2 protein chains.
Amino acid sequence: MSSIKSKNSHVDRMSKIASLNEQEKFFLGALHCRKQYKKKSVIDQQGTISKSVYYLNKGILSMEYQHGSKVFVRDFIFRDSPALVYPSFYLEEPSRYSIKAVTDCDVWELTKENFEIGKRKIPNLEIIAFKITNLFHQNIEKRFESMITKSAEDRYLELVENHPKIIQSISLKMIASYLGITDVALSRIRSRLSKRVAKNY
Amino acid sequence: MSSIKSKNSHVDRMSKIASLNEQEKFFLGALHCRKQYKKKSVIDQQGTISKSVYYLNKGILSMEYQHGSKVFVRDFIFRDSPALVYPSFYLEEPSRYSIKAVTDCDVWELTKENFEIGKRKIPNLEIIAFKITNLFHQNIEKRFESMITKSAEDRYLELVENHPKIIQSISLKMIASYLGITDVALSRIRSRLSKRVAKNY
DNA sequence: TATAGTTCTTAACTTAGGTTAAGATAAAAG
DNA sequence: CTTTTATCTTAACCTAAGTTAAGAACTATA
């Protein structure tokens, strides 16, 4: 029984947003299917219509957009978080960004068709979707705010504080892209910081 | 009759998003009330719960956030556009930003109570709200994208191209803040651009 | 195992933009 | 009408970050 629970942690998480009864939980769990993605694989392609939402069980995902020949990291998604190409998934219009696996990933996938089936059977599912949507909006709002109010160094420190393990699993180049600077600039920031720490000893 | 139509252009605009019948249009129009705001007045205060949405009939609004002692312009809202403090209005949580009148403004206000009444009588109102919400998200997504992919000069040119009249009605300082740079830097960009134009003659 | 491709660091140079300050208009307030 | 305040420009100086390049360390693959 406990193994089923741990297997369906995404359902429990959703139920915390807007409570579901046991039947609904079971039904929602059955609508999801588990998928594995190898590092660097593209899960959702920019410019296409997003057909699924994901719940990240293990690993790290990235949201990226291509602009000419350059690729920019719009955000990282860490474990136990939903990955949604918004608003492409809802409006069925081409998405502004891709979703890629930064590390090997393990996700729960909910297709658009299953989402529609779920909505008919589980009234609270719409509320859950709406709240997740709002979280996404708050996320980019915060990101935009820190972009114009903080220096690259402060943004880096903020990121490392929130996700200390990031340095082990994400390349410097991708972190730099996330911060809106070049890899050279981030390397400089890192050495500047370590020198500053060394001074205090 | 035509005067009524022009008076209710906001209702017609909404009906274009998800069509409403004449009865619904009339009802929706009656739920709005017209308001005038003097230049520099604060319509919605950062940190409070947003109680209304607005439709801007005339003038220019700004979305701003205060960060310590500094104020940052998050966006401008031009005529014939909705102004929504999202997600504060829906979730009834403190808002991340204020809405202010950059010039004298003329708006249609729809209070939260009237919005709830409207939802019960006009099924499509929820769809309209959802689509407007999505437009808001796309807007910040674009803004974020141009922030990390373009230079301040390109962002300035982009803004002026989309809103040529902006220079007459919005102060250099506010435009600079919108672009994420100082007023001195924008003044420099302007003189650089005018010298470049002069060279071509 | 050797070779080629990444990843990261460091240095040198350049440029955009921040900071401060001073002067010129223009607008608001007395 | 005068004084004060806000707006804008320009200059001087400084720093953060872009660009290019070269070398080290690690990975992947033939």
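What you see is a predicted model, and the numbers here were worked out from it, not measured in a lab. Below, read A as the first sequence line, B as the second, and so on, with proteins coming before strands; counting in each chain starts at 1.
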Gap between atoms NZ and P, on B:Lys173 and C:dT25 respectively (whole Å): 21 Å

B:Glu92/B:Lys112 salt bridge by N-O under 4.0 Å criterion: yes

B:Lys121/B:Glu24 salt bridge by N-O under 4.0 Å criterion: no

Axis deviation across the helix from C:dT1-D:dA30 to C:dG30-D:dC1, five-pair ends, to the nearest 10°: 40°

A:Leu193 CG to C:dT9 P, straight-line distance once rounded to whole Å: 12 Å

Lys/Arg-Asp/Glu bridge criterion (N-O < 4.0 Å) met for B:Lys150, B:Glu158: yes

Whether B:His10 and B:Trp108 hold their rings parallel, tilted or perpendicular, with breakpoints at 30° and 60°: parallel

Atom-pair distance (NZ on B:Lys39; P on C:dA28), nearest Å: 7 Å

Interatomic distance, B:Glu153 CD vs C:dT15 P [rounded to whole Å]: 14 Å

Listed nucleotide nearest any side-chain atom of B:Val184, set C:dG17, C:dA12, C:dT20: C:dT20

Plane angle bin for B:Phe115 and B:Tyr90 - parallel if under 30°, tilted between 30 and 60°, otherwise perpendicular: tilted

Length of the line joining A:Ile167:CD1 and C:dT7:P, which is rounded to integer Å: 17 Å

SB check B:Lys119 B:Glu116 (cutoff 4.0 Å): yes

salt_bridge(A:Lys25, A:Asp12) N-O dist < 4.0 Å: yes

Integer-rounded Å distance: C:dG17 C1' and B:Tyr156 OH: 17 Å

Ionic contact status for B:Glu153 with B:Arg192, cut-off 4.0 Å: yes

Chain A footprint on DNA chain D, 5' to 3' - any atom under 4.0 Å from a heavy atom: D:dA17 to D:dT20

Nearest-nucleotide comparison on DNA chain D, the residue closer to the 5′ end among B:Arg188 and B:Met174: B:Met174

Distance in angstrom units between A:Arg192 CZ and C:dT9 P, rounded: 14 Å

Whole-Å distance separating the CG atom of B:Asp183 from the P atom of C:dA22: 16 Å

Residue from A:Lys35, A:Glu109, A:His32 passing side-chain hydrogen bond (donor to acceptor under 3.5 Å, both in side chains) with A:Ser52: A:Glu109

Sugar-phosphate only, base, or nothing, as touched by A:Ser187 at under 4.0 Å among non-hydrogen atoms: base

